[in-house]
Amino acid sequence: MEIAVTRRRMGRGRLLVTSALCIALLYVAVAFVSFARDIADIHVPTDPKADAIVVLTGGKERIEQAMRLLEEGRAERLLISGVHPGSSARQIARATSTDLPLFACCVDLDRAALNTFGNAAETAAWVARHDFKTLMVVTSAYHVPRAELELADTLPNVNLVLYPVFSSERDLSEWYANFDTMKLLMREYVKYTLARLRIAVDRWSI
């Protein structure tokens with residue numbers, strides 16, 4: 001009798017664990033789809049302007065777009081965050097077809113940041129030095145949510161203007177139809193979720 005009761009209890013326990021896992025997986029799946037749809041709906045702002053621009057490195061297209069915005073007078077100064085230690089202003093100017101004098105007057109290079117968390121920390125210090133009130137954030141479209149999350153945490157009193165850069169080789173509007181794009185968004189969703197958890201824990205521990 002006792003053995004039968006024990007088995008029933010074990011069976012209920014397994015059922016509860018299985019149900020909890022199914023619910024958790026369903027929640028993650030729904031949250032990921034919502035995340036991916038939000039990225040697919042991201043658009044370039046019309047007539048963007050700010051005191052300054054920060055571009056988070058991760059591809060030449062990002063820097064090229066940021067340089068164009070600076071040349072158009074959309075902001076006064078530009079920070080390129082996460083530059084490889086071996087890259088010079090001359091090399092970046094040549095790679096992006098930009099006039100070198102523009103670098104001398106209006107572009108700063110951050111070589112300390114190694115990831116988005118570091119980008120946010122270095123950008124916050126740069127913004128504080130120049131007392132900027134509005135900041136245009138240039139990065140890949142799929143990276144915008146995490147970049148905004150990290151920068152909003154380090155710059156709570158600065159207005160962020162998000163400027164997504166879209167790759168000609170990747171169609172985010174049909175992310176579900178391409179395995180590589182889906183895999184990219186899944187990795188980004190995990191990083192975004194971990195960043196949210198870290199920020200929440202940091203705020204709770206203060």
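Side-chain contact between Ser167 and Glu61: present, with at least one pair of heavy atoms (C-beta onward) separated by less than 4.5 Å. Residues Leu149 and Tyr192 are in side-chain contact: their nearest non-hydrogen atoms beyond the backbone lie under 4.5 Å apart. Taking 4.5 Å as the limit, every side-chain heavy atom of Leu78 sits out of range of all side-chain heavy atoms of Val138. By the 4.5 Å heavy-atom criterion applied to side chains, Val158 and Lys133 are not counted as neighbours. In this structure the side chain of Thr181 reaches within 4.5 angstrom of the side chain of Leu172, judged on heavy atoms. At least one side-chain heavy atom of Pro145 sits under 4.5 Å from a side-chain heavy atom of Ile39. Residues Asn159 and Leu135 have side chains not in contact (no heavy-atom distance under 4.5 Å, counting atoms from C-beta outward).
Closest heavy-atom contact between Pro45 and Val161: CG-CG1, 4.4 Å. Heavy atoms only, all atoms of each residue included: Met136 and Ala50 are closest at N-CB, 3.6 Å. Pro164 approaches Ile42 most closely through the heavy-atom pair CG-CG2, 3.3 Å. Here the closest heavy-atom approach between residue Val137 and residue Ala147 is recorded as CG1-CB, 4.4 Å. Nearest heavy-atom pair across Ala66 and Ile53 is O-CD1, 4.1 Å. When all heavy atoms are compared, the tightest approach of Asn119 to Ser81 is ND2-OG, 2.8 Å.
Without hydrogens or angle criteria, Ser34 side chain to Val30 main chain gives no donor-acceptor distance under 3.5 Å. Counting only distance, with no hydrogens or angles, the side chain of Ser87 and the backbone of Val83 share no donor-acceptor pair below 3.5 Å.
Under the 4.5 Å side-chain heavy-atom criterion for grouping Ile, Leu, Val, Met, Phe, Trp and Tyr, Leu194 is not connected to Phe35 through any hydrophobic cluster. Clustering ILVMFWY residues whenever any of their side-chain heavy atoms sit less than 4.5 angstrom apart, transitively, puts Val33 in the very cluster that holds Val28. Follow the hydrophobic side-chain contacts under 4.5 Å out from Ile63 and you reach Val44 in the same cluster. Residues Leu185 and Val190 do not share a hydrophobic cluster, defined by chaining ILVMFWY side chains whose heavy atoms lie under 4.5 Å apart.
Judged by distance alone, the side chains of Arg62 and Thr57 never bring a donor and an acceptor atom under 3.5 Å apart. Donor-acceptor pairing under 3.5 Å is lacking for the side chains of Asp110 and Trp126.
Every residue two or more places apart in sequence or in another chain that forms a ring-ring contact (aromatic ring centres under 6.0 Å, His included) with Trp175 is listed here: Phe32. With sequence neighbours left out, Asp180 forms a salt bridge (charged side-chain N to carboxylate O under 4.0 Å, His left out) with no residue at all. Not counting sequence neighbours, Lys191 has no partner by the salt bridge (charged side-chain N to carboxylate O under 4.0 Å, His left out) test.
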Does the side-chain contact (heavy atoms from CB on, under 4.5 Å) test come out yes or no for His143 and Thr116, once each step is laid out? CA-CA 9 Å; His143 187 231; Thr116 308; 2.8 Å; yes
side-chain contact (heavy atoms from CB on, under 4.5 Å) between Arg94 and Leu100, worked out: CA-CA 8 Å; Arg94 188 183 305 117; Leu100 191 59; over 6 Å; no
Go through the steps for Leu155 and Thr123 under the test side-chain contact (heavy atoms from CB on, under 4.5 Å), then give the verdict. CA-CA 9 Å; Leu155 294 166; Thr123 301; 4.2 Å; yes
Give the intermediate values and the outcome of side-chain contact (heavy atoms from CB on, under 4.5 Å) for residues Leu70 and Val107. CA-CA 9 Å; Leu70 184 65; Val107 179; 3.7 Å; yes
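In summary, Arg77 and Asp51 do not engage in a salt bridge, as defined by a charged side-chain N under 4.0 Å from a carboxylate O. Salt bridge present: Arg198 and Glu150 bring a charged side-chain N and a carboxylate O closer than 4.0 Å.
The distance from atom OG1 of Thr96 to atom CG of Leu102, rounded to the nearest 0.5 Å, is 9.0 Å. From His84, atom NE2 reaches atom CD of Gln91 across 10.0 Å, with rounding to the nearest 0.5 Å. To the nearest 0.5 angstrom, Gln65 atom CD is 4.5 Å from Leu69 atom CG. Between Glu188 atom CD and Thr193 atom OG1 the span is 9.5 Å, to the nearest 0.5 Å. Taking CD from Glu71 and CG from Asp99, the interatomic distance works out to 6.5 Å, rounded to the nearest 0.5 Å. Rounded to the nearest 0.5 Å, atoms OG1 (Thr98) and CD1 (Ile92) are 9.5 Å apart.
In the displayed structure, Arg68 atom CZ is contacted under 6.0 Å by more than 12 heavy atoms of other residues, nucleotides or ligands. Taking a 6.0 Å sphere around NE2 of His130, one finds it holds more than 12 heavy atoms contributed by other residues, nucleotides or ligands. For Phe117, the CZ atom is loosely surrounded, since the number of other residues' heavy atoms within 6.0 Å does not exceed 12.
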